[in-house]
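Please read the structure below before turning to the comments.
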Amino acid sequence: MSHVRVRFAPSPTGFFHIGSARTALFNWLYARHTGGTFVLRIEDTDKERNSEEFLNVIYDSLRWLGMDWDEGPHKGGDYGPYRQSERSAIYEEYKQKLLASGRAYEKDGAIWFKLLGERYEVYDERRSKTVEKVRNTPAVIDDLIRGRVERLEDEDFVIFRSDGNPVFHFVNVVDDIAMKITHVIRGEDHLSNTSKHVELFRAFGVEPPKFAHIPLILKQNGPGKMSKRDQGALIEEYQRRGYLPEALVNFLSLLGWNPGDDREKMPIEEIIRLFDLPGVNQSNARFDDKKLAHMNMSYLLALPPDEFVQKAREYFAKHGVFAAGAHPAESYFRDVMLISQPKIKGIEELPAYTKYFFVEDDKLVIDEKVRAKVLGKGDPKARLGELIAVLGQADFTNESALEEAIKGEAQRNNLGFGDYQAVARLAVSGTNVGPGLTSIFRVLGRERTLRRLELLRASIGA
RNA sequence: GCCCCUAUCGUCUAUCGGUUAGGACGGAAGAUUCUCAUUCUUCAAAGCGGGGUUCGAUUCCCCGUGGGGGCGCCA
């Protein structure tokens, strides 16, 4: 097969939609799978909404997700420029071709594409007016996912607005020709438009590329496809919330595609190796944030310690968790994060989950409901006293030594570890959930652990 | 209104005519664990309806129905 060239052609709207990300991903995967070229082209013909900021949203999101482009902005290439707003001369040239061959004409100040065939008039109910139609033969769309699709294009359509700017259908086709695109992989919402595009390719005397219309992502609740307003629709939201891009990419790759067996969690190299267009589903997929969250947790648990701590550090910094000048020591922060890693489902849980590690002992906030519950049974004051006594000599650098020490004390009093766990946890963390108790002890250290135990004991009335 | 695509557990999906219809998320129950989470075990849960084709249809075809999309001087 000749060299594959695919493109992702977003328009800068200020958002990066999850559906766009999936379209980009399938293009990128196909390019990487075939050793082809992934082109990034910016469709910014609509001058109303267009700014550097909006462009950066696209670049940032693609980079964050790990989709590097081979040609495009910041990269260059032999078929530039890669922003449609800079390609006017090329569009003008192609417009002249159509004008010269009689396949375009002017009407109402706009330039229209002319279909071939006998003309007739018919009343259009939807637009409630009479329109001119053409007895055309159906365009044949050779789709790698849908198979052969025929669709009749029977009305001339505008290719240049009266303000002189070309429209989407025209620039899309011209650029695909000029950039020698071999495979057009895009959402199914473009399938009906494809007949226009095929007509244009033919009018330019060019064989259309292979098409692959991928299923859409439907909103989780309610009818219709996912739109910007829907919960979970924007890539930047996942970025902000500390999702792992590898997890999001893995999840997205499985929305409308699968490797043909039961594998789900796969490294990107594996996905690239297995991905192919004929394996893409034909029916739309409903978004499922629970499954994404699970995938994210799965990746989080498997993250090497250094990387996990790095992610946590970035998240804390980005969200200003620590007041300026109040950053904890690096090794302490690391210890806290690493004992929390196996317990959480997402990076975003970390600040709340670990907050008691970063307050002064006497400023520890105790959850009142938990306090009432824990102190309401047994003899908490006695247990705290026993703990304080035994922990005075224990080795705080060794979690199993701590555990043995507490178990030994429990045995002497005919009790179990559990009789100490809840009250001790309340004392050091102010809550009833968290990392292993002895992990908390080790990280807090003897001095702070004992102080917190003392503080709680002192607060309990005789 | 016209046109196009589509249809397996609640959700994502496997099955390339013959299976006790499999897996995952979510749900339920249980086990493990110092809490929580993880992990493990078990359970409930599906072929939209009607016609064909065939010895045999979830699988192929047709018609309904449901779902989705398109029909701009938006992209």
Side-chain angles (χ1 to χ4, degrees), chain A residues 9-13 43-46 48-49 84 107-112 122-128 138 141 143 145-147 149-155 157-169 171-172 187-196 213 215-218 220 223-225 251 254-265 281-295 297-298 300-301 340-345 349 353 370 374 402-403 406-407 410 416-422 424-426 429 431-440:
Chain A
S11 70
T13 57
E43 306 224 335
D44 55 353
T45 52
D46 186 0
E48 295 298 306
R49 37 178 186 179
Q84 291 183 334
K107 191 178 92 180
D108 304 330
I111 306 294
W112 295 67
V122 68
Y123 183 77
D124 183 292
E125 264 187 67
R126 192 164 166 275
R127 284 172 287 185
S128 50
I141 300 156
D143 196 288
I145 295 168
R146 316 270 154 194
V149 177
E150 285 190 16
R151 188 174 183 281
L152 180 69
E153 197 61 39
D154 62 357
E155 271 182 57
F157 54 91
V158 171
I159 52 176
F160 276 77
R161 294 189 277 263
S162 49
D163 66 4
N165 287 312
V167 305
F168 162 75
H169 302 299
V171 294
N172 200 267
E188 201 223 54
D189 48 346
H190 282 105
L191 185 55
S192 292
N193 287 327
T194 306
S195 48
K196 284 189 178 66
H213 286 94
L216 301 180
I217 299 176
L218 269 28
Q220 181 154 248
K225 61 174 175 175
F251 170 78
L254 259 17
L255 232 41
W257 173 82
N258 67 80
D261 55 32
D262 291 342
R263 274 174 292 183
E264 292 202 331
K265 187 170 179 235
N281 294 129
Q282 307 178 46
S283 57
N284 296 337
R286 200 167 291 279
F287 178 73
D288 182 357
D289 61 353
K290 292 252 178 45
K291 187 139 188 173
L292 170 57
H294 180 266
M295 185 68 82
M297 181 194 68
S298 170
L300 214 48
L301 288 174
S340 305
Q341 181 180 10
K343 302 289 189 167
I344 57 161
K345 292 179 176 244
E349 293 176 8
Y353 194 78
V370 176
V374 171
L402 284 168
E403 187 174 339
I406 297 169
K407 278 186 176 162
F417 190 101
D419 294 300
Y420 293 88
Q421 194 273 136
R425 180 177 296 282
L426 179 72
S429 74
T431 181
N432 59 350
V433 296
L437 185 65
T438 51
S439 301
I440 300 177

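Every chain is numbered from 1, with letters handed out A, B, ... down the list of sequences.
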Over all strands shown, is [X] touching base, sugar-phosphate only, or nothing at heavy-atom distances under 4.0 angstrom?
X	value
A:H190	base
A:Y123	nothing
A:T431	nothing
A:G260	sugar-phosphate
A:N193	base
A:G418	nothing
A:P435	base
A:D189	sugar-phosphate

Task: Pairwise side-chain contact, A:Q341 with A:L300, heavy-atom cut-off 4.5 Å (strictly under) - done: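 A side-chain contact is absent here, since even the closest heavy-atom pair is not under 4.5 Å.
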- [ ] Side-chain contact test, heavy atoms from C-beta onward, threshold under 4.5 Å: evaluate it for A:P215 versus A:R146 and give yes or no.
- [x]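 The answer is yes; the side chains approach within 4.5 Å.
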In Å and rounded to the nearest 0.5 Å, what is the [atom1] to [atom2] distance from [X] to [Y]?
X	Y	atom1	atom2	answer
A:N193	A:H213	CG	NE2	8.0 Å
A:L216	A:N284	CG	CG	4.5 Å
A:D44	A:Q84	CG	CD	6.5 Å
A:K407	A:T438	NZ	OG1	9.0 Å
A:L402	A:S439	CG	OG	9.5 Å

Reckon [X] has a side-chain N or O less than 4.0 Å from the OP1 or OP2 of [N]?
X	N	result
A:N258	B:U13	no
A:R126	B:C3	no
A:R127	B:G1	no

Determine the Euclidean distance between corresponding [atom1] atoms of [M] and [N]; express it in Å to zero decimal places.
N	M	atom1	answer
B:U8	B:C48	C1'	11 Å
B:A37	B:G22	C1'	29 Å
B:C63	B:C3	P	13 Å
B:U13	B:A45	C1'	15 Å

Measure [atom1]/[X] against [atom2]/[N] and give the value in whole Å, please.
X	N	atom1	atom2	result
A:L292	B:C25	CG	P	14 Å
A:F157	B:A75	CZ	P	13 Å
A:D262	B:A24	CG	P	7 Å
A:F168	B:C74	CZ	C1'	10 Å
A:N172	B:C74	CG	C1'	13 Å
A:L191	B:C71	CG	P	12 Å

Task: A:Y353 vs A:G224, nearer the 5' end of RNA chain B by closest nucleotide - done: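 Looking at RNA chain B, the more 5' nearest nucleotide goes with A:Y353.
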TODO: For A:E155 and for A:L152, locate the closest nucleotide of RNA chain B by heavy-atom distance; then report the residue assigned to the nucleotide nearer the 5' terminus.
DONE: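 Per heavy-atom nearest nucleotide, the more 5' residue is A:L152.
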TODO: Sugar-phosphate means primed atoms, P, OP1 and OP2; the rest is base. With that split, encode nucleotides 37-50 of chain B 5' to 3' as B, S or - using protein heavy atoms under 4.0 Å.
DONE: BS------------
Task: Within 45° cone of A:Y353 ring axis and under 6.0 Å: A:K343 NZ or CZ - done: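 Cation-pi check for A:K343 and A:Y353: fails.
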Task: A:R151 side chain to A:T194 backbone, donor-acceptor under 3.5 Å - done: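 Absent.
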Open item on the list: Between A:D163 and A:N165 (side chain of the first, backbone of the second, donor and acceptor by atom type, cut-off under 3.5 Å), is there such a pair?
Closed with: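 It does hold such a pair.
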Under 3.5 Å for both donor-acceptor distances, Watson-Crick or wobble: does [N] have a partner, and if so which one?
N	value
B:G18	B:C55
B:G1	B:C71
B:U32	none
B:U65	B:A7

- [ ] Choose from B:A75, B:C34, B:C4 the nucleotide whose nearest atom is closest to any side-chain atom of A:R151.
- [x]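 Nucleotide nearest to A:R151's side chain: B:C4.
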Give me, pair by pair, the N or O atoms of the protein and of nucleotides 28-32 of chain B that are less than 3.5 Å apart, along with how far apart they are.
none

Set of side-chain hydrogen bond (donor to acceptor under 3.5 Å, both in side chains) partners for [X], sequence neighbours left out:
X	value
A:N281	none
A:D124	A:R127
A:K291	A:E264

Task: base_contact_polar (B:C73 base, A:S162 side chain, donor-acceptor, <3.5 Å) - done: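 In this structure, the two groups form a donor-acceptor pair.
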Open item on the list: Let's go through A:R425 and A:T431 carefully: what are the C-alpha distance in whole Å and the side-chain angles of both, what is the deciding distance for side-chain contact (heavy atoms from CB on, under 4.5 Å) to 0.1 Å, and is it a yes or a no?
Closed with: CA-CA 7 Å; A:R425 180 177 296 282; A:T431 181; 5.5 Å; no
Atom pairs, protein N/O to nucleotides 6-12 of chain B N/O, distance under 3.5 Å:
{"residue": "B:U6", "atom": "OP1", "partner": "A:Q282", "partner atom": "OE1", "Å": "2.5"}
{"residue": "B:C12", "atom": "OP1", "partner": "A:R286", "partner atom": "N", "Å": "2.9"}
{"residue": "B:C12", "atom": "O2'", "partner": "A:L254", "partner atom": "O", "Å": "3.3"}

